[in-house]
Amino acid sequence: MSHNLLKGKRGIIFGALNEMSIAWKVAERAVAEGAVITLSNTPIAVRMGELNALAEKLNAEIILADATNVEELNTVFEKSVDILGGKIDFILHSIGMSPNVRKKRTYDDLDYGMLEKTLDISAISFHKMLQVAKKQDAMAEYGSVIALSYVAAQRTFFGYNDMADAKSLLESIARSFGYIYGREKNVRINTIFQSPTPTTAGSEVKGMEDLMDFSNKMSPLGNATVDECADYCITLFSDLTRKVTMQNLFHDGGFSSMGMSLRAMNQYSKGLEDYTDENGNIIYG
């Protein structure tokens with residue numbers, strides 16, 4: 001169901017690859033809510049993924065760019081403003097990749113050249129994106145920028161490796177740039193902690209299936225899906241959240257506030273008999 005929350009708004013979605021991508025779902029929801037958008041990803045990602053099909057479906061132009069390249073980002077914003085007919089109202093940064101994870105290097109045996117690439121692709125690209133947009137004055141008043149993060153930025157998760165460092169930097173950039181951009185141009189910048197999600201990038205994390213199962217058992221509402229994350233992004237792009245900025249927003253079914261849940265504890269128990277009342281109802285308290 002559409003509520004026209006983004007009617008008349010213009011946006012850029014970075015990072016859509018295929019139907020598993022959060023960026024893919026955000027793009028679909030944004031257009032459904034009345035926005036016009038451009039899509040951007042690297043040439044190799046476009047060749048390997050299905051972005052052309054999404055662009056055709058949404059009547060959106062693809063602007064090829066390496067998000068770590070300032071010159072190419074300049075082109076993305078210049079062309080987007082021209083194609084969409086005005087300043088940009090919202091941006092999604094959904095970009096992350098770790099060569100160390102792909103090469104199965106453990107955190108205590110990182111290749112530092114690969115670490116630099118992890119940080120540049122997954123975090124510093126966010127700063128470059130914001131800096132280019134600000135220098136071009138490409139964002140509209142009360143525009144909204146979102147980057148996708150993960151709770152591993154603040155807590156240690158086995159297998160998340162140097163991506164945790166990248167997400168920590170990503171959040172710091174959101175806060176630091178959020179102050180400047182907010183004070184000068186009323187542009188708001190936030191990050192979202194999404195539940196572990198089986199995207200193409202997420203599936204590279206060691207033990208991802210077990211992590212998703214554990215998170216689902218720990219979260220009172222269960223894991224948030226890709227579609228639900230897209231819905232949340234739309235609210236943050238809309239005018240309903242004009243004073244929300246510099247926040248790390250948890251969209252994780254309550255996982256981040258939990259210490260231990262009954263469903264997770266049951267992994268180490270033979271059954272739920274010890275946790276039921278005289279009528280056989282489970283006692284969650």
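Just so it is clear, the model here is predicted, and its values are computed rather than measured. Heads up: numbering here begins at 1 and tracks the sequence.
- If you chain together hydrophobic residues whose side chains sit under 4.5 Å apart, I91 and I83 fall into the same group.
- Panel note: side chain T245, backbone I189; a donor-acceptor pair is recorded below 3.5 Å.
- Within the structure, salt bridge (charged side-chain N to carboxylate O under 4.0 Å, His left out) contacts touching residues 159-180 (residues at least two apart or in different chains) do not occur.
- Note that CG of N100 and CZ of R102 are 12.0 Å apart. Values are rounded to the nearest 0.5 Å.
- Under the 3.5 Å distance criterion, the side-chain polar atoms of R263 are matched with a main-chain donor or acceptor of N216.
- Atoms CG and NZ, from L64 and K79 in turn, are 8.0 Å apart once rounded to the nearest 0.5 Å.
- Considering CE of M20 and CG of L17, their distance stands at 9.0 Å, rounded to 0.5 Å.
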For residues 37-52, which side-chain N or O atoms pair as donor and acceptor with protein atoms under 3.5 Å away, sequence neighbours left out?
{"residue": "T38", "atom": "OG1", "partner": "S80", "partner atom": "OG", "Å": "2.8"}
{"residue": "S40", "atom": "OG", "partner": "I63", "partner atom": "O", "Å": "2.8"}
{"residue": "N41", "atom": "ND2", "partner": "A16", "partner atom": "O", "Å": "2.9"}
{"residue": "T42", "atom": "OG1", "partner": "A45", "partner atom": "N", "Å": "3.2"}

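- Residues passing the side chain to side chain contact (heavy atoms under 4.5 Å, CB included) test with S2, sequence neighbours excluded: N4, E33.
- With rounding to the nearest 0.5 angstrom, the CG atom of L236 is 14.0 Å from the CZ atom of R242.
- With sequence neighbours left out, the side chain to side chain contact (heavy atoms under 4.5 Å, CB included) criterion links H127 to Q131, I173, F177.
- Residue pairs satisfying the salt bridge (charged side-chain N to carboxylate O under 4.0 Å, His left out) criterion with at least one member in residues 141-155, sequence neighbours excluded, are absent.
- A 4.5 Å side-chain heavy-atom check between V187 and Y142 finds every atom pair outside the cut-off.
- Side-chain atoms of F237 and V26, non-hydrogen and from C-beta on, do get closer than 4.5 Å to each other.
- Taking OH of Y112 as the reference point, atom CG of L110 lies at 6.5 Å (rounded to 0.5 Å).
- S238 places a side-chain N or O within 3.5 Å of a backbone atom of T235 that can act as its donor or acceptor partner.
- Residues that satisfy the salt bridge (Lys or Arg N to Asp or Glu O under 4.0 Å) test with E184, not counting sequence neighbours, are K134.
- Remark: S94 pairs with A23, L92, L148 by the side chain to side chain contact (heavy atoms under 4.5 Å, CB included) rule, at least two apart or across chains.
- For V132, the side chain to side chain contact (heavy atoms under 4.5 Å, CB included) test picks out V70, L73, N74, F77, Q136, with sequence neighbours left out.
- Inter-residue side-chain proximity for T118 and M163 is flagged as met; some heavy-atom pair is nearer than 4.5 Å.
- Within the structure, side-chain hydrogen bond (donor to acceptor under 3.5 Å, both in side chains) contacts touching residues 249-262 (residues at least two apart or in different chains) are Q194-H251, D252-S256.
- Distance alone, capped at 3.5 Å, places no donor-acceptor pair between the S195 side chain and the N223 backbone.
- Using a 4.0 Å cut-off between a side-chain N of Lys or Arg and a carboxylate O of Asp or Glu, D231 and R29 qualify as a salt bridge.
- By the 6.0 Å contact criterion, CG on D109 is enclosed, its count of non-hydrogen atoms from other residues, nucleotides or ligands being greater than 12.
- Proximity of a side-chain donor or acceptor of S168 to a complementary backbone N or O of A164 within less than 3.5 Å is detected.
- Distance CG/N281 to OG1/T276: 8.5 Å, rounded to 0.5 Å.
- Nearest heavy-atom pair, E72 versus N69, reported as atom, atom and distance to 0.1 Å: N-OD1, 3.0 Å.
- Here the side chain of N190 pairs a donor or acceptor atom with the backbone of V244 at under 3.5 angstrom.
- Between F255 and F157, the ring-plane angle classifies as tilted under the 30° and 60° cut-offs.
- Hydrophobic cluster membership of I180, counting Ile, Leu, Val, Met, Phe, Trp and Tyr whose side-chain heavy atoms lie under 4.5 Å apart directly or via other members: Y179, M246.
- Remark: the T225 side chain and the E228 side chain contain an N/O donor-acceptor pair separated by less than 3.5 Å.
- With hydrogens and angles ignored, the 3.5 Å screen pairs no side-chain donor or acceptor of S21 with any backbone N or O of W24.
- Shortest non-hydrogen contact noted between D239 and K9 is OD1-NZ, 3.0 Å.
- Other members of a hydrophobic cluster containing M114 are absent, since no ILVMFWY side chain comes under 4.5 Å of it, directly or through relayed contacts.
- Smallest separation of non-hydrogen atoms from T197 and M212: C-SD, 4.4 Å.
- Applying the salt bridge (charged side-chain N to carboxylate O under 4.0 Å, His left out) rule to pairs touching residues 117-127 yields D120-K128, sequence neighbours excluded.
- At a threshold of 4.5 Å between non-hydrogen side-chain atoms, the residues S144 and D89 do not count as touching.
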